[in-house]
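Have a look at the structure below, then the notes.
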Amino acid sequence: MRYIHATDLTASELTTLSILFVIIFNIIKAKGEFMDAGNGFFYNLDYKTRDSLLKLEINWEDKAMTRRIIRYEPIKIDVLKKLIEMRFINLEEQQNNAPKVQDFYEFLVRYPNVLVYGYVVSPFRKDYRVSIEGMIVNDQDVDKLLMEEFLEFSKTADQVRIDEGLVCWWD
């Protein structure tokens, strides 16, 4: 594979490349609705698929639900990976002072028995997203190394529990 720097291209080639980029982006966008988060990330707006992955059954069209956030049950790495791949969650996203999604994902790669939890925001709000605000480890999955790394990872958490498994949460 050969890499080309933009300064190596003529103005005509740059224009052609820009047009191709717009065409490719529009093809991708046409396959599903996306929302610009304002930071270069485009959220997938197919909330029915998002909610299905998170095992949520919500009628967002119900007027009482249009402005809400809903908590989802703890999920494993396979679901988090799908949310990332399908652009329902941004790797750079973080809930207040919580670690970034990327950090949670990397922790789950090392410890696939760890679960993350959080909430989803209504598709009718401009801040539509999936957020992670904590982790849970079932008691039977805790060993010394996991306990040490969990406590290190969650040292900035607003709440940490180590009885009957491990739980951390960021407000």
Side-chain angles (χ1 to χ4, degrees), residues 28 31-60 62 64-171:
I28 292 169
K31 294 198 175 278
E33 290 296 314
F34 292 85
M35 178 188 77
D36 185 352
N39 59 5
F41 184 82
F42 288 82
Y43 285 100
N44 184 339
L45 290 176
D46 180 6
Y47 63 89
K48 291 179 181 177
T49 299
R50 175 198 72 175
D51 293 353
S52 174
L53 287 169
L54 294 167
K55 297 182 175 27
L56 296 173
E57 294 182 17
I58 303 164
N59 178 7
W60 292 108
D62 179 345
M65 300 302 291
T66 59
R67 307 296 303 157
R68 303 269 318 258
I69 64 167
I70 301 293
R71 301 203 178 284
Y72 58 86
E73 292 296 315
I75 59 172
K76 290 186 170 192
I77 189 169
D78 60 326
V79 176
L80 180 57
K81 186 176 181 182
K82 286 179 186 171
L83 290 168
I84 293 166
E85 289 171 350
M86 297 178 77
R87 304 187 67 77
F88 289 114
I89 193 166
N90 181 352
L91 286 170
E92 294 297 313
E93 173 78 28
Q94 63 187 116
Q95 162 58 26
N96 294 334
N97 294 320
K100 292 180 180 182
V101 170
Q102 176 76 43
D103 299 324
F104 282 108
Y105 180 76
E106 289 170 3
F107 195 89
L108 269 62
V109 167
R110 289 193 313 276
Y111 297 102
N113 289 331
V114 175
L115 308 170
V116 294
Y117 65 93
Y119 60 88
V120 298
V121 176
S122 166
F124 298 104
R125 286 179 41 167
K126 66 180 180 177
D127 59 343
Y128 166 86
R129 69 185 180 283
V130 177
S131 286
I132 297 174
E133 59 184 2
M135 294 192 305
I136 295 177
V137 185
N138 293 318
D139 201 28
Q140 69 271 15
D141 296 321
V142 177
D143 61 28
K144 184 179 179 192
L145 181 59
L146 173 54
M147 169 77 86
E148 289 171 3
E149 291 203 24
F150 184 92
L151 290 173
E152 178 62 26
F153 186 88
S154 61
K155 66 185 176 191
T156 64
D158 293 295
Q159 184 179 53
V160 177
R161 285 195 3 245
I162 58 171
D163 59 319
E164 299 181 24
L166 306 172
V167 178
C168 63
W169 172 75
W170 285 263
D171 185 13

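Small disclaimer: the values here were computed from a predicted structure and weren't measured.
- Taking both residues in full, the closest heavy atoms of K100 and L91 are given as CB-O, 3.7 Å, listed atom of the first, atom of the second, then distance.
- Remark: side-chain polar atoms of D139 are paired, donor with acceptor, to backbone N or O of G165 under 3.5 angstrom.
- The side-chain heavy atoms of F88 and D46, taken from C-beta on, include a pair separated by under 4.5 Å.
- Between D103 and F153 there is a side-chain heavy-atom pair separated by less than 4.5 Å.
- In this structure the side chain of Y111 never reaches within 4.5 angstrom of the side chain of F150, judged on heavy atoms.
- The environment of N97 atom CG is sparse: at most 12 non-hydrogen atoms of other residues, nucleotides or ligands sit within 6.0 angstrom.
- With salt bridges taken as basic N to acidic carboxylate O contacts below 4.0 Å, none links E73 and K55.
- Checking side-chain atoms of N138 against main-chain N and O of Q140 turns up no donor-acceptor pair under 3.5 Å.
- The side-chain heavy atoms of W170 and S154, taken from C-beta on, include a pair separated by under 4.5 Å.
- Note on residues 159-171: pairs passing salt bridge (charged side-chain N to carboxylate O under 4.0 Å, His left out), not counting sequence neighbours, are R161-D163.
- Using a 4.5 Å heavy-atom cutoff, the side chains of Y105 and L83 are not in contact.
- Every side chain to side chain contact (heavy atoms under 4.5 Å, CB included) that N113 has, sequence neighbours left out, goes to D141.
- Residues L146 and F107 are in side-chain contact: their nearest non-hydrogen atoms beyond the backbone lie under 4.5 Å apart.
- Heavy-atom minimum distance, I75 versus L108: O-CD2, 4.5 Å.
- Annotation: side chain of Y72 is not in contact with side chain of V79 (no heavy-atom distance under 4.5 Å).
- Among all heavy-atom pairs drawn from Q94 and P99, the shortest one is CB-O, 3.6 Å.
- If you take CD1 on I132 and CG on L115, they are separated by 11.5 Å, rounding to the nearest 0.5 Å.
- Between M86 and T49, the shortest heavy-atom distance links the atoms CE-CG2, 3.5 Å.
- Here CZ of R50 is found 4.5 Å from OH of Y128. Values are rounded to the nearest 0.5 Å.
- Side-chain atoms of I77 and V109, non-hydrogen and from C-beta on, do get closer than 4.5 Å to each other.
- Under a cut-off of 6.0 angstrom, the local environment of CZ in R87 is crowded, with over 12 non-hydrogen atoms contributed by other residues, nucleotides or ligands.
- Judged as a side-chain hydrogen bond (donor to acceptor under 3.5 Å, both in side chains), and not counting sequence neighbours, the contacts of E93 are Y43, R129.
- The distance from the CD1 atom of I89 to the CD atom of Q102 is 11.0 Å, given to the nearest 0.5 Å.
- Contact between I136 and P74 at its shortest, heavy atoms only, is CD1-CG, 3.6 Å.
- When all heavy atoms of M135 and Y117 are compared, the pair lying nearest together is N-CE2, 3.4 Å.
- Side-chain atoms of R67 come within 3.5 Å of backbone N or O of F124 as a donor-acceptor pair.
- I162 CD1: 12 or fewer foreign heavy atoms inside a 6.0 Å radius.
- Between D78 and K76 there is no salt bridge, since none of the side-chain N atoms of the basic residue sits less than 4.0 Å from a carboxylate O of the acidic one.
- Note that OH of Y119 and OG of S131 are 3.5 Å apart. Values are rounded to the nearest 0.5 Å.
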